[in-house]
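Worksheet: the structure to be examined is printed underneath.
Each ligand, and each atom within it, is numbered from 1 in the order the structure gives. Values reported hereafter were calculated over all heavy atoms of this structure, with side chains retained and with hydrogens, waters and symmetry mates removed.
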Amino acid sequence: MAQKLLSRYEELKAQVNFHNYRYHVLDAPVISDVEYDRLLHELKEIEASHPDWITPDSPTQRAGARPADRFEKIRHPAPILSLANAFGGDDARAWLERVKKLDDRVEQAKFIVEPKIDGLSVVLHYRDGLFVQGATRGDGEVGEDITSNLRTIRSIPLRIPVASDQSSKISVPRYLVIRGEAYIPIQEFENLNKKLEEAGEKTYLNPRNTAAGSLRQLDPVLTASRPITLLVYQIVHSEGGKVPTSQWEILEYLKALGFPVTDVARRFNDLDSAIAYTETFNAGRDDLPYEADGMVIKIDDLNLAADLGFVGKDPRGAIAFKFPAREVTTTLNDIGVAVGRTGVLTPFAMLEPVEIGGVVVERATLHNFDFIAEKDIRVGDRVLVKRAGEVIPYVIGPVVDARSGKEKTYKPPLKCPTCGQAVEHFEGEVAWYCVNAACPAQLLRNIEHFVSRGAMDIVGLGIKIVEQLIGAGLVKDVADLFTLKKDQLLELEGFAEKKAVNLLGSIEQAKGQSLNRLVIALGIHGVGEVMAGDLSRTFGDLSALSKASVDDLRQIEGVGPNIAESIVDWFAQPTNQKLLKKLKAVGLWPEMKKNEKKKEGVFTGLTFVVTGTLPTLSRDGVKEFIEGSGGKVTDSVSKKTSYLVLGENPGSKFEKAKSLGVKVIDEAELRKLVG
Ligand code: IVH
């Protein structure tokens, strides 16, 4: 019996590892997330009852122990070398002429061209196929032991070969040390920054620093939340088994073992063709999913390359063919401030126009006001600006030596540059916000949020129509929706009698929505669904809520000082007070019985988070379902979450739940719990 379970356990480990590989390395999953999750769930159940069986290659063991207070040093089994640079074809041809003189075999050499990803060099050690250690490059001789952090990168196999069609025929050396470049794809980087910006947190400066910083975090759980991946390209050392002796075969071999390997490497019989390839590559550089600062041209025959030796830390057998630099200096003429759709104020540089890699740049991001202060960037400064891939150009910092003394220190605005209202800052966040619900810069988004399904649920009022209404000057705040007239709508393009009547009907219906929906709809910073319900039950209507003090608000469970302050600030804004008056005047003034009891049931005391699309229940449906049995639904996964309810196309909540070990169930299992 135990034997049978043990072999099932081994089978599950292999299956989950294989599906991780399909998903994270090949980007081609062969099962759905829910099926994957079932396998993982079964695996976890076995591990819970037989903790002694757990091996380090189990997919549940990604976020391992946190190292003490610093990383241990690791001596590399062979030097981790760097590369000499070539700037252009002539440089590269000169390199080849030099090495030809050292060895006749170079005349016949073939060349491999690989992208040179701007990331962080990492070294991975495998013993008997098991990932046992990982290090940074360090000084090339000694690096830092970042094993726990590297384990969280899902494209790194914990055991090789990863079960695949070819792997059964492949032998793995008893000890294998490989090298690759860890990085954050550009798109993932931008998504990460967008999320941080919306949360009012500090955004990251560029993908490379973010990847490097994340891998040198002492807490692997933090590393796990960063979208780091890698590409491998070198065998540094091997013992007890044969490995290929040409770079082309190394790439194929590493790929067959289940490692992520670039699929744009090419082999050429002569250097000129290799150079031509780097040039076509440079032309399409903006379309690459990662930042590359050049290509690496490598002599394919690794025995020959090794015989050529090194100059310092640079091997003679390969060269970095650098793309034209995308960093330039120019003058910072002024600093502008943009108001994002969430009300965040973001400073940007107004530059003396300058060409960077074929594109004229006159604006660049300055990230946030803290960045300007920390770097002491002054108006009139010469500044270093970088443009990389699709990332928005950004200011790296001032050229202090170029100062004339006429530069002016910058002071962040106290008023919103769009609407002129005072700006707010929330404790623990870097961003400054405009919290005026009627600020034109945020109007579209605020109305979109106001009418959305989770808020006032005004059917038929899509973003296109909202744009039309704002464009025609009919709506300057959300209250204006309720005084729209049929004649006004009929003037808009695409509106006929029926559409106008229907829209006015659904707007009218929204007056019957509950207080908690209206509180959600107002879009107060930090107030989500759950809190809106608590506030509504406590205060009963908006006038009582608007008079609440920070102390009153803090009496409510889950309301911390920051949110309390954010609520008080929101109601203190004169424009928001005006909006409330208008809402009352148009008859949108729901009330709720104070202290209305929450329902009790099998879910009392349990907290749920929902992610992805469920087979039958809608967003509101699943919330009602859970609350109907006494459960609580919250927006973000934490250690306190009892269950994550998983649907199709889940978001990052799924990853977070997995890393925290939160139980994951699907809709069917949720229904079963209620019985
Ligand atoms: S080969 C002997 N290949 O570029 C092997 N390096 O500027 C020497 N890099 O330190 C390195 N992509 O961190 C090689 N496909 C690639 C690379 C690559 C990125 C980095 C690596 C190296 C740096 C040298």
Side-chain angles (χ1 to χ4, degrees), residues 76-87 91-92 95 99 109 111-124 134-144 146 150 155 177-185 207-209 211-212 215-216 228-238 243-255 259-268 274 277-278 281-282 285 288-323 325 388-389:
H76 301 304
I80 301 303
L81 299 171
S82 187
L83 288 170
N85 291 328
F87 300 95
D91 256 10
W95 158 69
V99 291
F111 302 91
I112 308 301
V113 183
E114 298 167 19
K116 180 169 169 346
I117 296 174
D118 201 5
L120 184 82
S121 236
V122 294
V123 181
L124 312 172
T136 61
R137 174 172 186 269
D139 62 4
E141 303 287 333
V142 175
E144 283 182 317
I146 53 163
L150 289 169
S155 50
V177 183
I178 63 165
R179 174 185 182 181
E181 198 80 356
Y183 67 97
I184 294 182
R208 205 204 101 86
N209 289 1
L215 280 172
R216 297 197 69 257
I228 305 173
T229 183
L230 94 165
L231 287 174
V232 303
Y233 53 76
Q234 193 193 353
I235 293 182
V236 173
H237 179 78
S238 72
V243 297
T245 56
S246 86
Q247 178 62 12
W248 188 249
E249 287 162 43
I250 292 274
L251 294 177
E252 287 187 332
Y253 175 73
L254 290 173
K255 193 170 181 174
F259 286 102
V261 174
T262 174
D263 51 12
V264 297
R266 296 281 180 276
R267 178 160 55 176
F268 298 98
Y277 182 55
T278 67
F281 218 87
N282 181 29
R285 186 174 166 194
L288 291 176
Y290 41 75
E291 275 189 12
D293 55 349
M295 314 276 297
V296 187
I297 303 182
K298 300 178 178 177
I299 289 181
D300 190 29
D301 179 346
L302 295 176
N303 290 325
L304 168 57
D307 288 347
L308 290 171
F310 339 91
V311 184
K313 285 200 192 309
D314 305 336
R316 287 202 183 89
I319 195 137
F321 190 97
K322 300 284 277 203
F323 290 148

Item to check | Short side-chain to backbone donor-acceptor contact, R316 and L308, under 3.5 Å | outcome: yes
One pair per line, please: each N/O atom of ligand 1 matched with every protein N/O atom under 3.5 Å away, atom names first, then the distance to 0.1 Å.
residue, atom, partner, partner atom, Å
ligand 1, 3 (N), K298, NZ, 2.9
ligand 1, 4 (O), K116, NZ, 3.0
ligand 1, 6 (N), Y233, OH, 3.4
ligand 1, 7 (O), K116, NZ, 2.9
ligand 1, 10 (O), R179, NH2, 2.9
ligand 1, 12 (N), I117, N, 3.4
ligand 1, 13 (O), S121, OG, 3.0
ligand 1, 13 (O), E181, OE1, 2.8
ligand 1, 13 (O), E181, OE2, 3.4
ligand 1, 15 (N), E114, OE1, 2.8
ligand 1, 15 (N), P115, O, 3.2

Checklist outcome for this item: Taken to the nearest 0.5 Å, the spacing of F259 CZ from L230 CG works out to 8.5 Å
Checklist outcome for this item: Sorted by chain and number, sequence neighbours left out, salt bridge (Lys or Arg N to Asp or Glu O under 4.0 Å) with K116 holds for D293
Item to check | Pair listing, side chain to side chain donor-acceptor pair (under 3.5 Å) test, anchored in residues 296-305, at least two apart | outcome: E114-K298, R267-D300
Item to check | Pairing residues for E141 by the side chain to side chain contact (heavy atoms under 4.5 Å, CB included) criterion, not counting sequence neighbours | outcome: R75, P79, D139, K313
Checklist entry - Between Y277 and F268, what is the ring plane arrangement, given parallel below 30°, perpendicular above 60°, and tilted in between? => result tilted
